[in-house]
There are 2 protein chains.
Amino acid sequence: MISESSKRRISESTIHRLSLYYRLLSVLEKESKETVSSKELAEREKLTPAQVRKDLSFFGSFGTRGLGYPVSELKRRIGEILGLDRQWSVALIGVGNIGSALVGYKEFQRQGFNIKLIFDNDQRKIGSNHKGIVVADIKNLEKELRENKIEIVVIAVPATVAQYIVDDVVKAGIKAILNFAPVNLKVPEDVFLRNENMSMELEYLSFALVNLFNGRGTNR
Amino acid sequence: MISESSKRRISESTIHRLSLYYRLLSVLEKESKETVSSKELAEREKLTPAQVRKDLSFFGSFGTRGLGYPVSELKRRIGEILGLDRQWSVALIGVGNIGSALVGYKEFQRQGFNIKLIFDNDQRKIGSNHKGIVVADIKNLEKELRENKIEIVVIAVPATVAQYIVDDVVKAGIKAILNFAPVNLKVPEDVFLRNENMSMELEYLSFALVNLFNGRGTNR
DNA sequence: TTATATTTGTGAATCAATTCACATTCATTA
DNA sequence: TAATGAATGTGAATTGATTCACAAATATAA
Ligand SMILES: NC(=O)c1ccc[n+]([C@@H]2O[C@H](COP(=O)([O-])OP(=O)(O)OC[C@H]3O[C@@H](n4cnc5c(N)ncnc54)[C@H](O)[C@@H]3O)[C@@H](O)[C@H]2O)c1
Ligand SMILES: NC(=O)c1ccc[n+]([C@@H]2O[C@H](COP(=O)([O-])OP(=O)(O)OC[C@H]3O[C@@H](n4cnc5c(N)ncnc54)[C@H](O)[C@@H]3O)[C@@H](O)[C@H]2O)c1
């Protein structure tokens with residue numbers, strides 16, 4: 001829904017900031033605030049007002065000069081841009097430590113990310129019930145992904161097997177993958193792959209503590 | 001350990017790429033590769049050779065012209081830069097879904113991030129044993145953090161209480177925090193705060209599926 | 001209705017990150 | 001020991017992202 005046949009390429013940072021605005025607008029909505037200025041949005045996210053306005057301007061003009069942006073309306077529009085105005089069918093592969101945590105996380109569902117299928121290869125886990133979902137056998141991966149029209153796959157298996165799993169996921173026609181395994185997965189050009197790398201953030205803190213103790217802390 | 005009184009400011013992306021190089025060098029070391037060129041490092045991380053060389057050049061010159069970089073030596077040097085040549089004392093606050101997963105994750109320890117303390121406010125959890133660590137009462141937070149010389153704190157409590165917890169953590173003199181709660185925490189300038197925001201990555205995938213279906217997939 | 005105050009939306013300017021391109025250095029081979 | 005090839009390290013050029021600055025639009029108050 002990028003206006004005018006996506007003239008400009010939208011940067012990753014802009015999209016991440018849209019997520020921040022979306023979350024903040026939800027808070028403002030709860031506080032029954034009707035409008036909000038770029039100045040206020042910026043202050044609450046430690047950004048500049050110009051940045052906020054520029055980010056939004058890529059997608060249209062949502063504000064009123066002299067007044068600001070209508071909170072609920074802007075939230076709705078950003079939701080549309082991010083695809084949060086619809087439901088997504090998600091499958092999770094690997095119900096270990098991190099996989100179990102994700103299944104039990106209600107926030108994803110609230111945002112429209114519905115975990116419909118869970119896979120594992122451990123016979124003790126297959127058939128067991130996690131939050132109302134029966135763990136499926138990884139052997140039926142491709143068939144089940146297709147039959148259930150899964151759109152997003154979350155990888156939470158050991159790093160050693162992640163590439164094999166991803167190859168099968170790609171074969172099943174999946175175009176969006178979120179990977180928790182600390183490994184560089186290879187996917188075709190037309191598949192979106194994002195990595196959730198917790199070690200990286202710990203390492204950033206470690207670097208900061210060792211190197212930056214004159215400078216200041218940095219949020220993301 | 002930035003050379004020459006940290007003239008240049010090192011960008012966040014450079015540090016994240018150092019993490020990637022570090023992981024890749026571990027793999028190359030296991031494969032008994034002695035040297036590696038910027039070209040090969042770049043190919044395996046989908047970067048350009050110039051980028052790799054520039055990143056490393058901020059910290060010194062580690063390579064040999066005509067030959068490349070010595071794998072083990074470079075890994076050691078990057079480890080030093082990232083502070084992975086030492087042990088870090090970490091405390092985890094909140095042993096719920098995600099907190100339990102983190103406690104059970106051996107990879108952090110292998111990298112020198114040792115979870116020494118776990119806190120919760122749930123009486124049923126306090127005193128119970130998680131992977132050899134007894135859950136402490138959140139009431140003793142400040143005292144315990146100081147006595148155990150904790151350097152990094154991981155926040156895994158509900159978003160509603162995260163700010164109160166962080167305030168206490170800061171009072172205890174902690175300068176590095178990794179936060180999993182989806183909320184914008186306020187910390188003083190001299191405290192490093194990083195946010196691990198999984199929703200953000202799912203939202204990026206959602207955006208990509210809705211908007212970018214002419215373009216291509218993008219790794220991080 | 002007019003004047004004043006706000007705040008947007010956006011080109012232009014600036015700042016930052018990435019890529020280019022090449023002199024320099026070293027390994028290797030003849 | 002000289003010639004060849006490979007790959008680094010780094011200023012310069014380029015590309016991209018952020019900030020500036022201001023005209024235009026609207027709200028609000030007189
Ligand atoms: N636990 C954490 O906090 C954490 C943090 C960051 C990253 N990670 C990464 O996430 C991944 C999972 O970590 P974890 O701690 O949950 O590990 P885990 O061992 O607890 O869970 C892995 C799960 O995958 C299943 N599995 C293994 N092979 C499979 C296959 N071929 N097909 C289907 N399922 C298979 C296992 O049966 C198990 O249930 C790992 O790559 C890990 O490095 C974990
Ligand atoms: N579960 C996930 O997969 C996931 C993913 C992304 C983000 N998160 C975020 O991580 C945080 C934890 O999520 P969760 O699913 O583990 O929740 P959870 O409810 O399972 O765990 C929260 C834990 O914090 C403890 N707690 C509550 N108040 C406390 C206090 N004042 N002091 C100390 N401990 C306290 C609770 O007793 C509980 O053990 C939340 O902010 C959540 O939004 C979770």
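Every chain is numbered from 1 and lettered A, B, ... according to where its sequence line falls, protein lines coming before strand lines.
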Starting at [atom1] of [X] and ending at [atom2] of [N], how long is that distance when rounded to a whole Å?
X       : N      : atom1 : atom2 : value
A:His16 : D:dA17 : NE2   : C1'   : 15 Å
B:Lys54 : D:dA7  : NZ    : C1'   : 16 Å
A:Leu56 : D:dT18 : CG    : C1'   : 15 Å
A:Arg53 : C:dG11 : CZ    : P     : 14 Å
A:Leu41 : C:dT6  : CG    : P     : 18 Å
A:Phe58 : C:dT8  : CZ    : C1'   : 15 Å

A:Ser61, nearest nucleotide to its side chain (from D:dA12, C:dG9, D:dT18): C:dG9
The side chain of A:Tyr69 lies closest to which of these nucleotides: D:dC20, C:dG9, D:dG9? C:dG9
Any base atoms under 4.0 Å from B:Thr14, or only sugar-phosphate, or nothing? Heavy atoms, all strands. nothing
Salt-bridge test for [X] and [Y]: reply yes if a basic N is under 4.0 Å from a carboxylate O, no otherwise.
X        : Y        : result
A:Lys175 : A:Asp190 : yes
B:Arg194 : B:Glu12  : yes
B:Glu151 : B:Arg86  : yes

When you compare the protein's N or O atoms with those of nucleotides 24-30 of chain C, which come within less than 3.5 Å of each other, and at what distance?
unit_1: C:dT24; atom_1: O2; unit_2: B:Arg65; atom_2: NH1; d: 2.7

If you pin A:Asp55 and B:Phe62 to their nearest nucleotides in DNA chain D, which one's is more 5'? B:Phe62
Over 60° means perpendicular and under 30° means parallel, so tell me whether B:Phe113 and B:Trp88 are parallel, tilted or perpendicular. parallel
